[in-house]
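The structure appears right after this line, and notes come after that.
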Amino acid sequence: MVRKNAQQPDLYPEYDQLHLPTIDREILAWWDANGIFEKSVSSRPESKRFVFYEGPPSANGMPGIHHVMSRTIKDLFCRFKTLQGYRVERKAGWDTHGLPVELGVEKQLGIRKSDIGVKIPVAEFNRLCREDVMRYTHVWNELTRLMGYWVDMDNPYVTYENAYIESLWALIRMLYDKGLLYEGYTIQPYSPAAGTGLSSHELNQPGCYRNVKDVSAVAMFRIKRDERSQFLFVDNADAVYFLAWTTTPWTLPSNTALAVGKDITYSLVKTYNVYTHQIVYVVLAQELMQRYFTDEGATMPFDEYKKGDKKVPYREVLTCKGAALEGIRYDQLLPYAQPKDGDAFKVVTGDFVTTTDGTGIVHIAPSFGADDFKTAKQHGLGSLTLVDKQGKFTEEVNDPVFPLQGRYVKDAYYTEAEKQAEFETQKRILKEKNIIADLRSFMSVDDLIVLKLKLEGKLFLTEKYEHNYPHCWRTDKPVIYYPLNSWFVRTTAIKDRLIALNKTIRWKPPHTGEGRFGQWLENLVDWNLSRSRFWGTPLPIWKTEDGSEVKCIGSLKELEDEIHKAIRAGLMTGSENYRNEKGEIELHKPYVDAIVLVSAKGQKMYRVPDLIDVWFDSGAMPYAQWHYPITNEDVFRQNFPADFIAEGVDQTRGWFFTLHVLAVALFDSIAFKNVVSNGLLLDKNGNKMSKRLGNVIDPFDTIRNHGADATRWYLIRNSDPWENMKFDINGLQEVVRSFFGTLYNTYSFFALYANIDHWKPASDKLTAKGQLQELDLWIISRLHTLLQEVTEYYDQYEPTRAARAIEKFVDEDLSNWYVRLNRRRFWKGEMSEDKEAAYSTLYECLITVAQLISPIAPFFAEWLYKNLKGPGISVHLSYLRVADTKLINKELEERMELAQRACSLILSLRKKEKIKVRQPLSRALIPVLNERQKNLYRSVEAYIISEVNVKKIEYVDDTSGIIRKKVKPNFKELGKRAGPKMKAIQQALANFTDADIRRFEQQGSYTLQLNGEPFELQPHEVEILTEDIPGWLVATEGGITVALDITLNDELRHEGNAREFVNKVQNLRKDKDFQVLDRIKVSVLKNETFARTLAAHQQYIANEILAREIVLVDQLSDYDEVEMNDEILKVKVERCS
RNA sequence: AGUCUCGUAGCUCAGGUGGUUAGAGCGUUACACUGAUAAUGUAAAGGUCCCCAGUUCGAGUCUGGGCGGGACUACCA
């Protein structure tokens, strides 16, 4: 953008055109050179803080446009609070640990997790992770700068640094001391083939869930006869069974319970076991009977059943609720081993039991299912884990007949050769045992167990079942659920406080806090901290080998002390490899693992090899960013809790949760008072942006091409941040054109005339001076209303409303009404009190708008402010004033709105009649119902007259007798009283004549007869409108009616001609590149009409076009032809020297 | 599968506590304006307010049930 008047630095800068990216560059350079960000913090008092926490991004991926979104939100509230005089420090941070980093490095090296420590030393692997994680730091820094996100990138917290980890250790120690940290085990996805647990992240890799066919079985669990179960033993039945379905028969040896639904209805059914042909009694959910029995079976006589029949007779003997089955015991199905850790082999109730599949009775193997595990815990049930970590049955599964012991529970774990060998074994054994003479194909353990059950009369049904089953994304082998040791934070112990304190947080939007987050808290489980990876914060726990003694280390100093003890005890030499170049203990694997401590009883203690969940890293940032609780107690206290944080909704159960948990667990406090969770950014068609689809918006391109402000403004104004947003570049361009363009034009207009008049504001105080006109008072009133609204919106974290309110003001009020109606005041004549008022009013509006937009559009706001105030002054160091309610005049705003709407109506009439605005008309008519209304119009009459170019406005009221009125119910008022009678009243009012209405108005009430019943209408219960003036050209909208007199006389025609002529000459001046202030001479070839027009309006014409003289001539050369309504004139325009 | 959320014009979005003719901007079409001019204005066309039922004198708005999109959590016999 080239400044046109660069030679005159004391003038307001004027430019050729608006180009936002150029403004970005200039302002960025200026900010950098003058340290504006630093000043915006340091200029605010330490005693008045607004605390913001930056959620650390991971720099091992490239930033996307959605980061611009969340960072715009963060930035704008921080800037706004600065504007209000708060000190807002913003410490940047980097999230550096975690699986994505490791996976990235694995990919680079072409290795797998199992190779780490084998093909590449752990130390080397972690060194690569450390380098890799900061790979795109410079890109992030650049985006941060370019988008105008003010955050202190020079002193970020970095989660892999020793000091940060030390803080984490101290916090873990605090949890440990509070009894909130414990070791336990849970059922986790586990890949025996890879020998490792899998995270949910890994399980959600594409292709992990596959449809596979497995053997399913409905097993029969024989009920123990006792008082509880007595009612099931009818007809002298000696064997009654529960039916339970499973798709993983290999878990049946580990069964320790059955679960039923409390409110589900179960049936006791008499039928045949189709394999043994014995009559049996079985229990299953009534709803699911049709799955196993055909209708004919219900009536089929029992003695007609023959071996192999498709139809099986059955009878429903009795029904009961699941609750009645609770506590009933049964014989262990496959008694290879006995649980030692609790009760077993009984029926419990569970919410998770449904009747969509199976039998409505769920087989519970606590070691191999999350629900099972939970149920077992709730009911104090014992467990059996008859599978080892390699995925093989343990030695305990020692079947006298079938080869199960030591066999893989999933045949996919066998190699082909192994499988073949196993097949031979099976064939031999089954032949020896006289079960299958000549086995044809390999049998999985599922097959074998099903066969065993069949032979033992414990199988009701088996079939192939296709379902979705997770597979290990590295080995392609099925995953099993398996109990693994982990360290947990006992979040369930503080659940009530988590919920109670959450209610004191303001969530934007509220439903994220109450719903998504609240729900999550209600269903809280303990937080599994353990991760069995390499690059992360090590768990600071050392244990003796027998597990009897545990130490949780809370600081480096404590660790040093413990090492000294260990050295004295001779367990360490001190020369082990656990220090980095600086001589500090390196708090990463494998270094910390080289440290062996000594227990109180003199035992060796080794570190538990686990790392902790990376979310602990980020959730601990309120403390660890200051190296608290090791040091900086005071800094921490000043900055806790945060006033404001913001991230995407995907962080609800991530960062927001861990922040909350740690604050509540450690300090019984919230970590943040206000949180904005923004939605997703989708492409313009509503699809997720992905590299694969090629619909990713590059934030750098967007900012480079359209400017940071346009991007920010668009993101904020388009929809509430918490909605998912469709990003459309066309919408962004529209923002540039309509908002920034309009504001720029308004400024250009101001600068153009203020420079001509050499106008400067008298003082810094933003108060209009001079002789204020009604329009000035009006725009000032609107400005203060805006100030009030926008301040409130920002304070309530409603940025979209703020942006839209500003847009509306700039476009509709300032540009399209105030400036448009006032143009003349700016360019007419010499400086005057009136002109002074106009300048200072417009100036004040622009200054305030610059401030109000500065949080969202920091660059353009700065540019505008500096243009108005001078090159050295920053809007971001300014203070936003509080709206002055004394300057707000609602009645004036209402009047002006009336004028705007009346103008719009009259213009639409002119339009309809094709009469241009330049043609004056004699009068407009406005019907008024009362004095008040008339006075309202009167006060803005002048604007209407000049805007629509009529000579006068006449008001017609009742007395004129020419307006037609209409009455309709005021539904809101009348509805309260009339209720069901509304319809009838509406009907009655529609039939009112003018006379009825007049009588109503005169008497102040009206009694209707509704079906013979009187109903007295009050004036406030109806609306009386003028609708028509018969015989006139009328327009009506929203209760306003106007009529226009379109008859023309000569006088009006000549005036119209004069204006038309002026307009054409002005165009000629422009075509000829005359300066605004150049004087001209106009020669016109003789023309009758024009001669008369000139005679009547010479003064006016000359004034308008700055003509020294206007002459009619007989001959003219070198002329221009102009159209003056119906006449074509030959005109010569010359500049006077 | 559960939880949350969204569904209004071709597109992007407004529509406190229910009030009868549902709005704006963009886009389209037509026209106008012209000392802010690569700006601006006016108007027209464009809607089963996702569907169904209910509450009510009256439902885009409240209730219930569906359908569809999205997010998160889970993956279960």
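Naming: A, B, ... by sequence-line order, numbering from 1 per chain.
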What nucleotide, of rG27(B), rA36(B), rC76(B), holds the atom closest to the side chain of Arg737(A)? rG27(B)
Using both distances under 3.5 Å as the test, list the Watson-Crick or G-U wobble partner of rU17(B), or none. none
From CD of Gln17(A) across to P of rA39(B) the rounded distance in Å is 11 Å
Quantified in whole Å, what is the C1' atom distance between nucleotide rG10(B) and nucleotide rU3(B)? 34 Å
Rounded distance (Å) that lies between atom P of rG15(B) and atom CD of Glu723(A): 10 Å
From the list rA36(B), rU12(B), rC76(B), which nucleotide is the closest neighbour of the side chain of Asn718(A)? rU12(B)
May I have the distance from Lys726(A) (atom NZ) to rC11(B) (atom C1'), rounded to whole angstrom? 9 Å
Check every atom of rA14(B), rA36(B), rC76(B) against the side chain of Asp720(A) and return the nucleotide holding the closest atom. rA14(B)
Applying a 4.0 Å non-hydrogen cut-off, can you work out what Asn816(A) is touching in the nucleic acid: base, sugar-phosphate, or nothing? sugar-phosphate
Are the side chains of Tyr793(A) and Arg804(A) in touch, meaning some heavy atoms are under 4.5 Å apart? no
Trp817(A) atom CH2 is separated from rA36(B) atom C1', nearest whole Å, by 17 Å
Testing rA36(B), rA14(B), rG27(B) for proximity to the side chain of Arg823(A), the answer is rA36(B)
Indicate whether OP1 or OP2 belonging to rC76(B) is found under 4.0 Å from a side-chain N or O atom of Tyr481(A). yes
Under the side-chain contact (heavy atoms from CB on, under 4.5 Å) rule, what do Leu325(A) and Val283(A) come out as? Steps first, then yes or no, please. CA-CA 10 Å; Leu325(A) 301 174; Val283(A) 177; 4.1 Å; yes
Pairing nucleotide - rG47(B), Watson-Crick or G-U, each distance under 3.5 Å: none
Which nucleotide in rC13(B), rA36(B), rC26(B) has an atom nearest any side-chain atom of Thr746(A): rA36(B)
Over 60° means perpendicular and under 30° means parallel, so classify the ring planes of Tyr843(A) and Phe750(A), tilted if in between. tilted
C1' spacing across the pair rG68(B) / rC31(B), given as an integer number of angstrom: 42 Å
Closest-nucleotide mapping onto RNA chain B: is Thr247(A) or Trp520(A) further toward the 5' terminus? I mean the 5' end. Trp520(A)
Starting at NZ of Lys1064(A) and ending at P of rA32(B), how long is that distance when rounded to a whole Å? 11 Å
Partner lookup for rA32(B), please. Criteria are Watson-Crick or G-U wobble with both distances under 3.5 angstrom; report none if nothing qualifies. rU40(B)
Need one value for Arg820(A): base, sugar-phosphate or nothing, where a base atom within 4.0 Å counts as base even if backbone is also close, heavy atoms only. base
Distance check needed: rA39(B) P versus Phe740(A) CZ, whole Å only. 17 Å
Is the backbone of Ile716(A) close enough, under 3.5 Å, to the side chain of Thr800(A) for a donor and an acceptor to pair up by distance? yes
Pick base, sugar-phosphate or nothing for Ser748(A), based on heavy-atom distances below 4.0 Å to the nucleic acid. nothing
With rounding to whole Å, what would you report as the distance between rC6(B) and rU42(B) at their P atoms? 34 Å
Considering only side-chain heavy atoms of His511(A), which listed nucleotide, rU12(B), rU5(B), rA36(B), is closest? rU5(B)
What orientation do Tyr482(A) and Phe368(A) show, parallel under 30°, tilted 30 to 60°, or perpendicular over 60°? tilted
When the distance from CD of Glu807(A) to P of rU12(B) is rounded to whole Å, what number comes out? 17 Å
Could you let me know what rA59(B) is paired to, Watson-Crick or G-U wobble, both distances under 3.5 Å, or none if it's on its own? none
Between rC52(B) and rG60(B), how far apart are the two P atoms, rounded to whole Å? 12 Å
Can you tell me the pairing partner of rU3(B) across any strand shown, Watson-Crick or G-U wobble, with both distances under 3.5 angstrom? rA71(B)
C1' spacing across the pair rU8(B) / rC51(B), given as an integer number of angstrom: 15 Å
Has Tyr12(A) got a side-chain atom pairing as donor or acceptor with Tyr753(A)'s backbone, closer than 3.5 angstrom? no
With the side chain defined as heavy atoms from C-beta on, Asn724(A) is closest, among rG70(B), rU12(B), rA39(B), to rG70(B)
In whole Å, what is the span from the CG atom of Leu521(A) to the P atom of rC72(B)? 18 Å
Is the shortest side-chain N/O distance from Arg801(A) to OP1 or OP2 of rC13(B) below 4.0 Å? no
For Glu14(A), salt bridge (Lys or Arg N to Asp or Glu O under 4.0 Å) partners two or more places apart: none
Closest-nucleotide mapping onto RNA chain B: is Ser815(A) or Thr246(A) further toward the 5' terminus? I mean the 5' end. Ser815(A)
Would you please confirm or rule out a distance under 4.0 Å between OP1 or OP2 of rU12(B) and any side-chain N or O of Arg804(A)? no
Report yes if a donor N or O on one partner sits less than 3.5 Å from an acceptor N or O on the other, where the partners are the side chain of Thr742(A) and the base of rA39(B); otherwise report no. no
What integer number of Å spans the C1' atoms of rG58(B) and rU40(B)? 42 Å
Please give the distance between the P atoms of rU55(B) and rG64(B) as a whole number of Å. 15 Å
Heavy-atom side-chain proximity of Tyr481(A) to Thr248(A) below 4.5 angstrom: no
Rounded distance in Å between the C1' positions of rC49(B) and rA30(B): 29 Å
